[in-house]
Structures are given as C-alpha cells and as structure tokens.
Amino acid sequence: LTATYDVVIIDSSDPEGPAEGLFNKAFLADVHRLLKPGGVFCQQGESLWLDMDLIRMMKFENAAKFSHVQYASMQIPTYPCGQLGALIGVKAGGAHTTVDVPVREVPDDMELKYYTSQLHTASF
C-alpha cells in the first residue's frame, strides 16, 4: 500500500518491550509511505519531563521525512509527572503545513467541554 491514508494515529504503550518497534525510524518511514500528500500522523510522545532524549530522537531523526513535526504537550494528572505528549507530523504536498493552528473554527452550536482553539495552539 502506498499513499492510502489521510491520518495515522499510533496510540501505543511505552517504547519498551512489545511497542519498541513503533518508536524507530523504519516504522515512521512506513507511516510516511502510507500517508497521502498532506497526511498527518499522531504518535504517543511520552513525557517531556522523563523522556527528552527519546522525544528529540523521535522528532529530529525518526520523523525527518515529514515536512513539519511538532510535539504537543497535554497535562494529564494520572500520568507520571502529570504530563504526556504527542508527536504530530505532516507529510508534504497538502494544503496545511502546520499542526499548531486549528484548520477550522469550532462551530458555535458545538458545545465542547474541554477543547478550544486557544488551548489547541497553546499545546505546542
């Protein structure tokens, strides 16, 4: 399969043991191959307080094929250190080249409890 998906979400366990293969350059090269131009991937990104070396490797080495990659920080009290992140990347060739600015406005009639465009932008 090539250029088949718009989005790939990788919600894996920690990068040790069975999920270790989901945190390497070869795996993200396969994800890149499977995404359509402008496609987006989102991968569990560990904690910036505990795993900065891994996050750097994921962003600057493993995801180097992607035109834009950012780390989003989420505050989650039940996780170690109260923080977990997501590595989000965009494949070149689409209309959107960044992930830190929402693509569209939330409709006024959509009553969201936690999400706002300001929170989205602040996560990066």
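When a residue number appears, it is its place in the shown sequence, counting from 1.
- Note that the OG atom of Ser12 and the CD atom of Glu20 stand 11.5 Å from one another [nearest 0.5 Å].
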Q.
Between Ser123 and Ser73, does the side-chain contact (heavy atoms from CB on, under 4.5 Å) criterion hold? Intermediate values first, please.
A. CA-CA 5 Å; Ser123 295; Ser73 180; 5.7 Å; no

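- Cluster membership check: Leu22 shares its hydrophobic cluster with Leu35, using side-chain heavy-atom separations under 4.5 Å among Ile, Leu, Val, Met, Phe, Trp and Tyr.
- Following chains of ILVMFWY side-chain contacts shorter than 4.5 Å, one can reach Tyr5 starting from Ile10, so the two form part of one hydrophobic cluster.
- In Tyr79, the OH atom is not crowded: 12 or fewer heavy atoms of neighbouring residues, nucleotides or ligands sit closer than 6.0 Å.
- Between Ile88 and Val40 there is a side-chain heavy-atom pair separated by less than 4.5 Å.
- Lys91 approaches Arg33 most closely through the heavy-atom pair NZ-O, 4.1 Å.
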Q | Step-by-step side-chain contact (heavy atoms from CB on, under 4.5 Å) determination, Leu112 to Val106 | A | CA-CA 9 Å; Leu112 300 178; Val106 176; 3.7 Å; yes

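- How far CD1 of Ile55 is from CG of Leu87: 8.5 Å, rounded to the nearest 0.5 Å.
- No donor-acceptor distance shorter than 3.5 angstrom exists from the side chain of Glu105 to the backbone of Pro107, with no hydrogens or angles considered.
- Within the 3.5 Å criterion, the main-chain N or O of Val99 finds a donor-acceptor partner in the side chain of His120.
- Rounded to the nearest 0.5 angstrom, Met52 CE and Lys59 NZ are separated by 10.0 Å.
- Counting all heavy atoms, side chain and backbone alike, Ala29 lies closest to Lys65 at CB-CE, 4.0 Å.
- In this structure, Ile9 places its CD1 atom where only 12 or fewer heavy-atom neighbours from other residues, nucleotides or ligands lie under 6.0 Å away.
- The distance from the CE atom of Met57 to the CG atom of Asn62 is 4.5 Å, given to the nearest 0.5 Å.
- Within the structure, every pair that satisfies the ring-ring contact (aromatic ring centres under 6.0 Å, His included) test and touches residues 16-35, not counting sequence neighbours, is listed here: His32-Phe66.
- To the nearest 0.5 Å, atoms CD (Gln44) and CG (Asp11) are separated by 7.0 Å.
- At distances below 3.5 Å, not a single donor-acceptor pair connects side-chain atoms of Asp14 with backbone N or O atoms of Glu16.
- Contact detail for Pro80 and Leu50: the closest heavy-atom pair is CB-CD1, 3.9 Å.
- Residues meeting the side-chain hydrogen bond (donor to acceptor under 3.5 Å, both in side chains) test with His68, sequence neighbours left out: Gln70, Thr98.
- Looking at every heavy atom in both residues, Cys42 comes nearest to Ala86 through SG-CB, 3.9 Å.
- Between the Ser67 side chain and the Val90 main chain, a donor and an acceptor come within less than 3.5 Å of each other.
- With rounding to the nearest 0.5 angstrom, the CD atom of Gln43 is 11.5 Å from the OH atom of Tyr71.
- Taking each heavy atom of Phe60 and Ala64 in turn, the nearest pair found is O-CB, 3.9 Å.
- Not a single donor-acceptor pair under 3.5 Å links the side chain of Asp51 to the backbone N or O of Leu48.
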